[in-house]
Amino acid sequence: MALTLGREDRLPAARPSRFTAGDRAVAYPRRDLFGRHIVDTYFLTLAYDVTHRALAGHGLKEVARHFGLARPDRTYIPGAEIARIAREDPARLERYVRDDARETRALSDLLSPVYFAQAQWLPFGYQDVCLRGNAAKIDALMQRAYLAERRALPRPGSARPFAGGYTDIFLTGLARPVRHADIRSLYPSLMLRERIGPAADDGGVFLSLLDALRTRRLRAKDEMRRAADPAARLFWDAQQSTAKVLINSFYGYLGFEMARWNDFDAAERVTAAGRALLRALVEKIRALGAAPVEIDTDGIYYIPPADGDDAAFESAVRAGLPEGIEIEFDGRYEAMFSYKMKNYALLDEKGEIVLRGAALKSRGLEPFQREFLRDWLELRLRGRDEERRALRETYRRRIAKRTEPIAWLARTETLQDAPATYAARRTAGGRGRNAAYELAQAADREYRAGDRVSYYVAGDRKNVAVYAAARLVSDWNPERRDENVAYYLSKLDELADRLEAVETPPAAPSGQGELSLG
DNA sequence: GCTAGCTGATGCCCG
DNA sequence: AACGGGCATCAGCTAGCG
């Protein structure tokens with residue numbers, strides 16, 4: 001039967017395409033259908049995760065649970081059993097499929113309004129608005145303004161490296177209590193305040209657009225607060241959050257090679273102004289008796305002054321800021337374990353734990369390492385030192401007993417390129433061997449860019465070439481376990497040693513905790 | 001033939 | 001087709017050892 005879903009009963013056209021969101025690139029067959037817009041909630045999920053980073057995974061089931069869209073009585077069927085259930089219990093399979101459809105619908109209702117709002121005023125259709133990046137959108141707005149005034153368009157300048165945000169760590173170990181402050185919309189504020197825009201934009205469109213979007217966002221937030229009707233509130237929320245996403249991309253646009261009005265000097269002036277502002281902020285809070293713990297681009301964690309008068313401290317900090325720059329004191333924590341730059345754990349006042357940083361919560365870590373980190377950091381933050389020191393032995397036994405599911409030890413990696421691209425780069429000599437790609441090449445099925453590969457390391461020696469000893473989790477035989485216990489024990493020990501090595505020497509000068517100077 | 005120690009590429013993360 | 005900065009891991013190499 002022909003899939004005549006287009007207007008005038010037309011058929012879908014397909015062509016190979018790529019979707020990118022952040023560092024992730026996915027190869028997929030793009031469909032275009034006359035008079036229709038096709039939006040994949042999977043891509044909306046990936047784009048959402050770039051900014052929010054709270055999803056455990058990107059599959060429908062886990063995303064639905066994350067957003068609270070899964071009904072308690074939802075039917076679940078593991079992928080491997082679908083064929084069997086289809087034969088033996090088709091009614092159950094139907095319930096499963098209906099639940100999938102229901103959750104997809106609910107996910108769409110949640111994630112798509114922002115894009116629908118964009119389609120109403122950007123020169124792209126709904127489908128394209130969901131697929132294209134923010135630089136392409138800003139470029140389109142710029143071009144529209146230039147063409148309307150019949151002005152010539154510039155050619156993009158060539159790329160060069162430039163310095164980014166200020167990142168530093170002042171204290172490692174356990175700090176308590178801890179506060180967080182953050183400069184509101186740092187880069188957009190600096191661009192507007194210091195009039196930093198592209199040199200090639202003699203029309204001054206860039207900053208006018210930025211200013212207009214900011215005004216538009218503030219209005220939408222007001223409307224949202226005033227709206228009594230939930231549908232209206234959702235509408236205005238989509239309007240304000242789509243403006244926010246674009247506003248935050250203006251700085252990145254300046255430093256983007258393909259952007260028509262790019263300007264690397266201007267991008268560098270923005271980051272330099274940001275660095276200067278944050279350095280001044282560090283000095284200020286020090287002078288007021290607080291101890292900075294770590295800083296990253298536009299926010300700072302610090303131990304507040306011992307007198308306990310947060311309000312006085314905060315208004316003193318505010319008083320020292322330049323015109324047009326606002327600070328938000330947006331976090332209070334019982335304790336913070338400061339590990340390395342961009343890597344820390346927080347215990348908030350409700351008793352919840354938050355982990356940040358590639359070394360502490362990366363999806364690239366094996367589940368046993370993620371679990372160990374979580375347990376270890378929780379005990380560290382809560383001061384349960386005896387249990388913390390015993391933790392390593394518990395995990396060592398679990399590995400040595402060989403009774404955990406293999407997925408607990410396995411690493412899952414995303415293939416950035418197609419295996420053929422990897423092979424070409426290998427023969428060209430530009431790339432070392434990699435376990436995930438080697439397995440993808442040898443596998444029966446065809447792998448594409450964006451696919452995930454789960455593997456574990458087999459053998460019995462601690463030092464092995466991972467690319468040679470790796471086995472696909474799907475080829476694992478529970479009757480003949482061959483995971484490399486020595487290898488995994490050594491990984492666990494190295495991790496535990498790294499964490500325990502973070503010194504907790506005598507009290508800091510202010511006497512507020514066990515800290516070491518970074 | 002082995003290992004420690006380094007470098008560069010890669011993956012994933014922070015803001 | 002937004003940016004730069006940072007950490008961990010691995011492959012691939014070299015120097016040093018027995």
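All of these numbers come straight from a predicted model, not from anything done at the bench.
For B:dC14, the OP1/OP2 oxygens have a side-chain nitrogen or oxygen of A:Lys361 closer than 4.0 Å. Close to C:dC10, at under 4.0 Å from its OP1 or OP2, lies a side-chain N or O of A:Tyr487. Of the side-chain N and O atoms in A:Arg370, none sit less than 4.0 angstrom from OP1 or OP2 of B:dC12. The phosphate of C:dC3 has neither OP1 nor OP2 within less than 4.0 Å of any side-chain N or O from A:Arg160.
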Side-chain polar contacts of residues 445-452 of chain A - donor-acceptor pairs under 3.5 angstrom, sequence neighbours left out - could you list them?
unit_1, atom_1, unit_2, atom_2, d
A:Asp451, OD2, A:Arg448, N, 2.7
A:Arg452, NH1, A:Thr414, OG1, 2.7

Show the atom names and distances, to 0.1 Å, of all donor-acceptor pairs under 3.5 Å that link a side chain in residues 355-363 of chain A to residues at least two apart or in another chain.
unit_1, atom_1, unit_2, atom_2, d
A:Ser362, OG, A:Gly364, N, 2.8
A:Arg363, NH1, A:Leu55, O, 2.8
A:Arg363, NH1, A:Ala56, O, 3.3
A:Arg363, NH2, A:Asp49, OD2, 2.9

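Rounded to whole Å, the distance from CZ on A:Arg433 to C1' on B:dG8 is 17 Å. Following rounding to the nearest Å, A:Leu46 (CG) and B:dG11 (P) show an atom-to-atom distance of 16 Å.
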Could you list, one pair per line, each protein nitrogen or oxygen that sits under 3.5 Å from a nitrogen or oxygen of nucleotides 2-7 of chain B, together with the distance?
none

Short heteroatom pairs, N/O only, protein and nucleotides 5-7 of chain C, under 3.5 Å:
unit_1, atom_1, unit_2, atom_2, d
C:dG5, OP1, A:Gly164, N, 3.2

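With sequence neighbours excluded, no residue forms a salt bridge (Lys or Arg N to Asp or Glu O under 4.0 Å) with A:Arg498. Residues passing the side-chain contact (heavy atoms from CB on, under 4.5 Å) test with A:Ala280: none are found, sequence neighbours excluded.
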Apply side-chain hydrogen bond (donor to acceptor under 3.5 Å, both in side chains) to the pair A:Tyr437 and A:Glu413, showing each step before the final yes or no.
-> CA-CA 9 Å; A:Tyr437 285 99; A:Glu413 269 176 50; over 6 Å; no
